[in-house]
Amino acid sequence: MRNVVVLGSTGSIGQQTLDICAQFPDEIRVLGLAAGRNEAMLRRQMEQFNPRWAALIEKSADWEWESGTDALLTMASAPEVDLVVVAIVGAGGLLPTLAALEAGKRVALANKEALVMAGPVIKRQLARAGELVPIDSEHSAIWQCLHQEQTASVERLVLTASGGAFRDWAPDDLDGVQPAQALEHPTWRMGPKITVDSATLMNKGLEVIEATLLFAVGIEQVDVLMHRESIVHSLVYFTDSSVKAQLGLPDMRLPIQYALSYPHRLSNQLPRLDLAAIQQLHFASVDWDRYPCLAMAVEAGRRGGTFPTALCAADEMAVDLFLHGRLRFTDIPRLIERVLTRHENCDNPGLDDILEADSTARRECRSLALSLEH
């Protein structure tokens with residue numbers, strides 16, 4: 001029996017995590033649930049799983065359980081907990097991730113921003129205690145392909161990208177897109193922020209940085225390949241010219257289950273991949289001019305220090321402004337670029353440096369956004 005806490009339980013990844021937990025009641029016990037503000041769904045989840053702890057980050061008037069960030073830190077580090085699923089969107093996932101790792105927990109990370117914005121801090125923590133396993137389908141694929149392989153044998157990693165909601169749109173048509181259109185992902189069911197990041201390919205840029213931290217490779221060893229079907233989730237090229245790939249239907253429940261059950265594989269009733277029915281898979285090189293957010297993310301990862309922190313903060317703010325109708329879709333990369341241009345890097349940051357860089361980038365973003373709002 002593995003005791004699990006799910007932080008971000010009412011979001012897309014959180015709900016799918018609980019779907020998996022419900023399928024394996026003899027292997028997985030849900031001890032804690034935390035949500036941002038969706039009290040109604042959280043209460044339904046509590047009725048189903050009867051957790052020991054439950055928390056709302058944003059407390060409502062009639063919420064009688066714990067609330068606030070401290071409640072998340074408490075359950076993430078509790079002695080009874082074996083694994084913490086961090087599915088909170090944005091910078092809010094950082095402190096609970098660190099708290100869980102400091103307590104020696106295995107953290108199943110679905111939050112891209114925590115590792116990207118604070119990579120040096122998390123790496124130093126992992127050297128002392130804790131374990132990090134990926135939930136992202138791309139990183140889960142690489143993780144599986146690297147099983148029992150030596151790092152020195154890895155030539156390069158290739159992350160696949162669907163291209164997002166506007167992959168077939170003419171660039172001149174992107175100025176007028178609406179948030180609802182950006183949320184219509186062609187292959188994946190995800191939360192709003194990551195779905196917009198998929199349309200800009202910022203999510204793939206964050207994944208490039210993540211891959212360097214998770215798998216101890218240089219950023220020049222990580223490539224991106226367009227793959228519209230989202231069947232091949234990632235590939236690993238080895239120095240002997242062998243290539244491994246992990247395939248599966250675009251269903252996040254598979255990488256979630258693997259993160260929860262690792263090193264075991266549990267039999268499930270998920271749909272099986274039928275390549276004969278699919279018949280064709282398509283691949284193409286990335287048009288870097290079409291996706292400036294990807295290029296900015298890779299450059300931020302190359303420069304290191306607190307540049308990835310500023311990148312994450314600016315992107316989170318810009319996407320939120322777009323979703324609330326205050327910024328055009330095409331202004332997202334422009335705003336992020338302006339914030340990064342002003343950023344003063346800290347080469348070897350500690351946690352305080354990370355938090356200060358995050359706060360500063362957000363202030364810059366709010367100020368600079370005024371000139372771009374429509």
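Note that the structure is a prediction, hence the values are computed from the model and not measured.
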D197 and K112: CA distance, side-chain angles, deciding distance, salt bridge (Lys or Arg N to Asp or Glu O under 4.0 Å) verdict: CA-CA 11 Å; D197 280 349; K112 300 176 189 297; over 6 Å; no

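- The closest donor-acceptor contact from the side chain of R272 to the backbone of L270 lies under 3.5 Å.
- Heavy-atom minimum distance, G104 versus A129: CA-CB, 4.4 Å.
- Between the side chain of K244 and the backbone N or O of C145 there is at least one donor-acceptor pair closer than 3.5 Å.
- Under 4.0 Å is where a charged nitrogen must lie from a carboxylate oxygen, and between E80 and R52 at least one such pair does.
- In this structure, T360 contributes its side chain and E356 its backbone to a donor-acceptor pair below 3.5 Å.
- The CG atom of N111 sits 7.5 Å away from the CD1 atom of I88 when rounded to the nearest 0.5 Å.
- W288 and Y291 fall within a single hydrophobic cluster, where Ile, Leu, Val, Met, Phe, Trp and Tyr side chains are chained together by heavy-atom contacts under 4.5 Å.
- Residues H139 and E207 bring no donor and acceptor atom of their side chains to less than 3.5 Å of each other.
- With hydrogens and angles left out, the side-chain atoms of S12 and Q16 include a donor and acceptor closer than 3.5 Å.
- Note that NE2 of H264 and CG of L260 are 13.0 Å apart. Values are rounded to the nearest 0.5 Å.
- Hydrophobic cluster membership differs between I20 and M1, with clusters built from Ile, Leu, Val, Met, Phe, Trp and Tyr side chains linked at under 4.5 angstrom.
- The existence of a salt bridge linking R2 and E27 is excluded, since no basic side-chain nitrogen approaches an acidic carboxylate oxygen closer than 4.0 Å.
- Contact annotation: the side chain of M46 never approaches that of W53 to less than 4.5 Å [non-hydrogen atoms, C-beta and beyond].
- Formation of a donor-acceptor pair under 3.5 Å by the T195 side chain with backbone atoms of G191 is found in this model.
- Between R290 and D287, no side-chain nitrogen of the basic residue sits less than 4.0 Å from a carboxylate oxygen of the acidic one, so the salt-bridge criterion is not met.
- Annotation: D352, atom CG; neighbour count of heavy atoms from other residues, nucleotides and ligands within 6.0 Å does not exceed 12.
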Side chain to side chain contact (heavy atoms under 4.5 Å, CB included) assessment of R106 paired with D82: CA-CA 7 Å; R106 174 180 289 175; D82 302 308; over 6 Å; no

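- Around atom CD of E344, no more than 12 heavy atoms belonging to other residues, nucleotides or ligands sit under 6.0 Å away.
- L335 has its side chain within reach of L327: a pair of non-hydrogen atoms, C-beta onward, lies under 4.5 Å apart.
- Ion pairing between K105 and E131 fails under the 4.0 Å rule for side-chain N and carboxylate O.
- Closest approach of A297 and G205 over heavy atoms only: CB-CA, 3.4 Å.
- Rounded to the nearest 0.5 angstrom, R124 CZ and L101 CG are separated by 13.5 Å.
- With no hydrogens or angles considered, a side-chain donor-acceptor pair links Q257 and N268 at under 3.5 Å.
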Worked verdict on V232 versus F283 for side chain to side chain contact (heavy atoms under 4.5 Å, CB included): CA-CA 10 Å; V232 177; F283 303 92; 3.9 Å; yes

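- Between W169 and F166, the ring planes are perpendicular. Angles over 60° get that label, and only those under 30° would be called parallel.
- Looking at L157 and Q221, their side chains never come closer than 4.5 Å, going by heavy atoms from C-beta outward.
- When side chains are defined from C-beta on, L115 counts as touching L132, because their heavy atoms get closer than 4.5 Å.
- Salt bridge annotation for E47-R44: absent, with no cationic side-chain nitrogen under 4.0 angstrom from a carboxylate oxygen.
- Between P333 and C293, the shortest heavy-atom distance links the atoms CB-SG, 3.7 Å.
- F329 and M296 fall within the same hydrophobic cluster, where Ile, Leu, Val, Met, Phe, Trp and Tyr residues are linked whenever their side-chain heavy atoms come under 4.5 Å apart, directly or through other members.
- The local environment of CD in E220 is crowded, with over 12 non-hydrogen atoms from other residues, nucleotides or ligands closer than 6.0 Å.
- How far CE of M226 is from OG of S162: 7.0 Å, rounded to the nearest 0.5 Å.
- The two residues S234 and I142 make their nearest non-hydrogen contact at CB-CG1, 3.6 Å.
- The only member of T10, V6, L56 that meets side-chain contact (heavy atoms from CB on, under 4.5 Å) when paired with L33 is V6.
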Give the table of side-chain donor-acceptor pairs shorter than 3.5 Å for residues 306-323, with sequence neighbours excluded, one pair per line with atom names and distance.
{"residue": "T306", "atom": "OG1", "partner": "H343", "partner atom": "NE2", "Å": "2.8"}
{"residue": "T306", "atom": "OG1", "partner": "N345", "partner atom": "OD1", "Å": "3.1"}
{"residue": "T306", "atom": "OG1", "partner": "C346", "partner atom": "N", "Å": "3.0"}
{"residue": "T309", "atom": "OG1", "partner": "M117", "partner atom": "O", "Å": "2.6"}
{"residue": "D315", "atom": "OD2", "partner": "K193", "partner atom": "NZ", "Å": "2.8"}
{"residue": "E316", "atom": "OE1", "partner": "A91", "partner atom": "N", "Å": "3.2"}
{"residue": "E316", "atom": "OE1", "partner": "R362", "partner atom": "NH2", "Å": "3.0"}
{"residue": "D320", "atom": "OD1", "partner": "H324", "partner atom": "ND1", "Å": "3.4"}

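- Distance check, rounded to the nearest 0.5 Å: CD of Q45 to CG of L18 gives 5.0 Å.
- Between W143 and Y258, the angle of the ring planes goes over 60°, which puts this pair in the perpendicular group of the 30/60° scheme.
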Side chain to side chain contact (heavy atoms under 4.5 Å, CB included) between V121 and L98, intermediate numbers included: CA-CA 9 Å; V121 173; L98 285 172; 4.0 Å; yes

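- A pairwise comparison of heavy atoms in D251 and P255 identifies O-CD, 3.4 Å as the closest pair.
- Between I135 and A259, the shortest heavy-atom distance links the atoms CG1-CB, 3.8 Å.
- Using a 4.5 Å heavy-atom cutoff, the side chains of I13 and I256 are in contact.
- W65 contributes atom CH2, which lies 12.5 Å from atom CD of E39 (distance to the nearest 0.5 angstrom).
- For R363, the CZ atom counts as densely surrounded, since its 6.0 Å shell holds more than 12 non-hydrogen atoms of other residues, nucleotides or ligands.
- For R265 and Q144, the side-chain atoms include at least one donor-acceptor pair closer than 3.5 Å.
- Hydrophobic clustering (side-chain heavy atoms under 4.5 Å, transitive across Ile, Leu, Val, Met, Phe, Trp, Tyr) keeps L281 apart from V286.
- Using a 4.5 Å heavy-atom threshold, the side chains of V224 and V158 count as separate.
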Contacts table for residues 69-79: side-chain donor-acceptor under 3.5 angstrom, sequence neighbours left out:
{"residue": "T74", "atom": "OG1", "partner": "D70", "partner atom": "O", "Å": "3.0"}
{"residue": "S77", "atom": "OG", "partner": "L73", "partner atom": "O", "Å": "2.8"}
{"residue": "S77", "atom": "OG", "partner": "T74", "partner atom": "O", "Å": "3.4"}

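- The pair K204-E138 meets the salt-bridge criterion, with a side-chain N (NZ, NE, NH1 or NH2) lying under 4.0 Å from an Asp/Glu carboxylate O.
- There is no side-chain donor-acceptor pair under 3.5 Å between E155 and T239.
- Residue Q125 qualifies as enclosed at atom CD: its count of foreign heavy atoms under 6.0 Å is above 12.
- Hydrophobic clustering (ILVMFWY, side-chain heavy atoms < 4.5 Å, transitive): I194 and V89 are in distinct clusters.
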Step-by-step side chain to side chain contact (heavy atoms under 4.5 Å, CB included) determination, L213 to I209: CA-CA 7 Å; L213 298 164; I209 300 173; 4.3 Å; yes

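- Using a 4.5 Å heavy-atom threshold, the side chains of R334 and L368 count as separate.
- Inter-residue side-chain proximity for V222 and R156 is flagged as unmet; no heavy-atom pair is nearer than 4.5 Å.
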